[in-house]
Amino acid sequence: MTTADKPVETDVVVVGGGPVGLMLASELRAGGVQTLVLERLQQPAGHDRAGALHIRTVESLDLRGLLGGFLEDTQLAKGLPFAGMFEHGLDFSALDTRHPYSAMVPQSRTEELLAEHASALGAQVRRGHEVVDLSQDEDGVEVTVSTAEGSYRVRARYLVGCDGGRSTVRRLAGVAFPGTEATVSALIGYVTTPERNVPRQWQRTADGVLVLAFPPEGGMGRVVAIEYGRTPPAGSPPVTLDELSEAVERVRGERLALTTPVQWLSRFGDATRQAERYRTGRVFLAGDAAHVHFPIGGQGLNTGLQDAINLGWKLAARVRGWGSEELLDTYHEERHAAGERVLLNTRAQLALMRPDEQHTTPLRTIMNELLALGEANAFFAGMISGVSVRCAGLPTGPAEAAHPLAGSFAGQLTVVTGRGVGTPLAELLRSARPLVVVPGDRPELLETARSWRDRVDLVEGRVPERPEAAILVVRPDGYLAWAAGPGSDPAQFRSALARWFGDPTRLEE
């Protein structure tokens, strides 16, 4: 196998076979395009750096009928702490969702389930295949892939880098990654202690933050030691058990016996960076390749999965010929803004955790009081869970005002058909195709929508929860592309369908 061979050809190359790359591959395959995933590692990493799927991710899994597998034997959290404040933690019960909880699914399990799903849909995943070079032209992208058996080339129409914070794709594409350097050093370990009755705690001390979670009888458990003003070492060398023990002792103020066996050790910091562009020609970035931040609140994995769900259907639409360049451009516009908010709140939470009795402790006291107020709590809960994300989308027509619900998530709504049967809108998106809902007393709108039936699902019904939105145009990712009241102008409806889903096709009856 050499680079002189004819390139392997496919529609889309996804670089990185972690959860984000696998989610993207699944969405692309659901959209009907050939997808090849190239992963540098021979086997999944197997670690559980992330362990929570937040509300918007849970809702997205529900759209594809995948949620049951993720909820099997899974603990559900009805809320979460904010910046380590537990007294008035975030309460998900007031949010507008059918799933007011975070599912505590280990990252390794998420990756396993998404790998099964991608494979079932026909995505090809090649492990031990590392991208080492990249070029693009007006018609496509070509990469050189290195393997243990040699190298080869792949030619595709588009490429997406889902290859982590040290993304090779981002570097080869020449995308800037501005942000701030790390000023905090954190170590995490799944290790063993012989000590009994170690308190399960999240503790803010004079020297940092300590998290301990061990069984009462001792044994394997989780420990995190966060130290402010101590930067991670250059090159991120492997963490040793002695290094973790010393960090725990500095933060805790006393030693905790940590021994083998060791399941996993790692380090992280608070470097906060975001790709200047999520799209460069035919190359896109998603997940940690597009944004890195301090891992508080379990938002990194969720943000990456939402990147994939946003991009997948748009890229598939473009490959299939009905998606526009303007539609592809909305990926950067929508997800860069969402990522920016995540970077903002993670920096704010880390600042609120700082061990500073003179300044930070009074601020935490006031913040804790704010979290006791329902409206304030819902604001922060919506931010962390992803529920507050709206999609800007494509501009409306010149004589058209955007509906207040346009850009909001619609998966929690119920569609009632003419027979009086209510169906969750999420279940109507299982096909990963756009969805149009029109009332039964507007047959001319249903007839108009039939011109797009090769790519759009049509439902005659109404949404009792939103009588002001009698007509819905729903994107495959569950967000409302367009909405209108019961007396809407048919010309504007037709214009919205063409703007989002391309020119109509006259199909034979």
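All residue numbers in this chain count up from 1 along the given sequence. Every heavy atom of this structure was used, including side-chain atoms; hydrogens, water molecules and symmetry mates were not.
For E325, the salt bridge (Lys or Arg N to Asp or Glu O under 4.0 Å) criterion is met by R279, R318, not counting sequence neighbours. With sequence neighbours excluded, no residue forms a salt bridge (Lys or Arg N to Asp or Glu O under 4.0 Å) with R277. Looking at residues two or more places apart in sequence or on another chain, you find a side chain to side chain contact (heavy atoms under 4.5 Å, CB included) between P434 and W322, V456, P476, F501. Evaluation of the salt bridge (Lys or Arg N to Asp or Glu O under 4.0 Å) rule for E59 yields R56 as partners, not counting sequence neighbours. Partners of S236 by side chain to side chain contact (heavy atoms under 4.5 Å, CB included), not counting sequence neighbours, listed by chain and number: R166, R267. Under the salt bridge (Lys or Arg N to Asp or Glu O under 4.0 Å) criterion, R98 pairs with D62, sequence neighbours left out. A498 meets the side chain to side chain contact (heavy atoms under 4.5 Å, CB included) test with W452; sequence neighbours excluded. For L113, the side chain to side chain contact (heavy atoms under 4.5 Å, CB included) partners are F70, R109, E116, not counting sequence neighbours.
Two residues are said to be in side-chain contact when any heavy atoms from C-beta on lie closer than 4.5 Å; P486 and I471 fail this criterion. Between M383 and V389 there is no side-chain heavy-atom pair separated by less than 4.5 Å. Looking at L285 and C162, their side chains never come closer than 4.5 Å, going by heavy atoms from C-beta outward. For the pair D133/V143, no side-chain contact is recorded, criterion being any heavy-atom separation below 4.5 Å from C-beta on. Side-chain contact between P100 and T97 is present, with at least one heavy-atom pair separated by less than 4.5 Å. Using a 4.5 Å heavy-atom cutoff, the side chains of R335 and T303 are in contact. Taking the side chain as every heavy atom from C-beta outward, L95 and I55 approach each other to under 4.5 Å. The side-chain heavy atoms of I384 and L90, taken from C-beta on, include a pair separated by under 4.5 Å.
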Could you walk me through whether D139 and R155 pass the salt bridge (Lys or Arg N to Asp or Glu O under 4.0 Å) test, one step at a time? CA-CA 10 Å; D139 300 318; R155 177 83 179 174; 5.1 Å; no
Does K314 form a salt bridge (Lys or Arg N to Asp or Glu O under 4.0 Å) with E334? I'd like the steps, not just the answer. CA-CA 12 Å; K314 296 173 181 178; E334 295 176 350; 2.8 Å; yes
Start with the C-alpha gap between V436 and L446, add the side-chain angles, then the distance that decides, and say whether side-chain contact (heavy atoms from CB on, under 4.5 Å) holds. CA-CA 9 Å; V436 171; L446 194 61; over 6 Å; no
R466 vs D96, salt bridge (Lys or Arg N to Asp or Glu O under 4.0 Å): CA-CA, chis, key distance, verdict: CA-CA 13 Å; R466 293 288 186 267; D96 185 15; 3.5 Å; yes
Start with the C-alpha distance between F284 and H332, add both sets of side-chain angles, then the distance that settles ring pair (Phe, Tyr, Trp, His ring centres under 6.0 Å), and finish with yes or no. CA-CA 9 Å; F284 296 79; H332 168 84; over 10 Å; no
Verdict with supporting geometry, Q306 and S60, side-chain hydrogen bond (donor to acceptor under 3.5 Å, both in side chains): CA-CA 8 Å; Q306 290 303 307; S60 298; 3.1 Å; yes
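Counting only distance, with no hydrogens or angles, the side chain of R433 and the backbone of R453 share a donor-acceptor pair below 3.5 Å. Without hydrogens or angle criteria, T280 side chain to V283 main chain gives no donor-acceptor distance under 3.5 Å. Although no hydrogens or angles enter the test, the distance criterion places a donor-acceptor pair under 3.5 Å between the side chain of D163 and the main chain of T168. Remark: the backbone N or O of T57 is not paired with any side-chain donor or acceptor of N302 at under 3.5 angstrom. A donor-acceptor distance shorter than 3.5 angstrom exists from the side chain of T147 to the backbone of G150, with no hydrogens or angles considered. Under a 3.5 Å cut-off, the side chain of R475 and the backbone N or O of L480 do not form any donor-acceptor pair.
Annotation: the span from R341 atom CZ to H336 atom NE2 amounts to 14.0 Å, rounded to 0.5 Å. Atom CZ in R170 sits 9.5 Å away from atom CG in D288 (nearest 0.5 Å). Separation of atoms OG (S495) and CG (D489) is listed at 9.5 Å; rounding is to 0.5 Å. Put simply, CH2 on W482 and OG on S488 are 4.5 Å apart, with the number rounded to the nearest 0.5 Å. How far CG of L458 is from CG of L435: 8.0 Å, rounded to the nearest 0.5 Å.
Among all heavy-atom pairs drawn from V437 and G461, the shortest one is CG1-O, 3.8 Å. Here the closest heavy-atom approach between residue R127 and residue Q42 is recorded as CD-O, 3.2 Å.
Atom CD of E444 has more than 12 neighbouring heavy atoms from other residues, nucleotides or ligands inside a 6.0 Å radius. Annotation: D503, atom CG; neighbour count of heavy atoms from other residues, nucleotides and ligands within 6.0 Å does not exceed 12.
Defined by atom type and a distance below 3.5 Å, a donor-acceptor pair is present between the side-chain atoms of Q349 and N345. Judged purely by distance below 3.5 Å, without hydrogens or angles, the side chains of H54 and S102 pair a donor atom with an acceptor atom. Q299 and T346 are not linked by any side-chain donor-acceptor pair at a separation below 3.5 angstrom, with hydrogens and angles left out of the test. Donor-acceptor pairing under 3.5 Å is recorded for the side chains of Y152 and H129. When only modelled atom types and interatomic distance are considered, D457 and S431 share a side-chain donor-acceptor pair under 3.5 Å.
Using a 4.0 Å cut-off between charged side-chain N and carboxylate O, E142 and R282 make no salt bridge. Between D11 and R157 there is no salt bridge, since no side-chain N of the basic residue sits under 4.0 Å from a carboxylate O of the acidic one. A salt bridge does not link E468 with R462: none of the charged nitrogens is closer than 4.0 Å to a carboxylate oxygen.
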Please output the side-chain donor-acceptor pairs of residues 171-185 that fall under 3.5 Å, not counting sequence neighbours, one pair per line with the distance.
from, atom 1, to, atom 2, distance (Å)
E181, OE2, R273, NH2, 2.6
T183, OG1, D270, OD2, 3.0

Side-chain polar contacts of residues 15-33 - donor-acceptor pairs under 3.5 angstrom, sequence neighbours left out - could you list them?
from, atom 1, to, atom 2, distance (Å)
S26, OG, L22, O, 2.9
S26, OG, A118, N, 3.4
E27, OE1, R64, NE, 3.4
E27, OE1, R64, NH2, 2.9
E27, OE2, R64, NE, 2.9
R29, NE, L121, O, 2.9
R29, NH1, V33, O, 2.9
R29, NH2, L121, O, 3.2

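Within the structure, every pair that satisfies the ring-ring contact (aromatic ring centres under 6.0 Å, His included) test and touches residues 289-310, not counting sequence neighbours, is listed here: F268-F294. Every pair tested for salt bridge (Lys or Arg N to Asp or Glu O under 4.0 Å) that includes a residue from residues 384-398 fails, sequence neighbours excluded, so the list is empty.
A perpendicular orientation is assigned to the rings of F409 and Y479, their planes being inclined by more than 60° (bins at 30° and 60°).
Not less than 6.0 angstrom separates the ring centroid of F92 from the ring centroid of H99.
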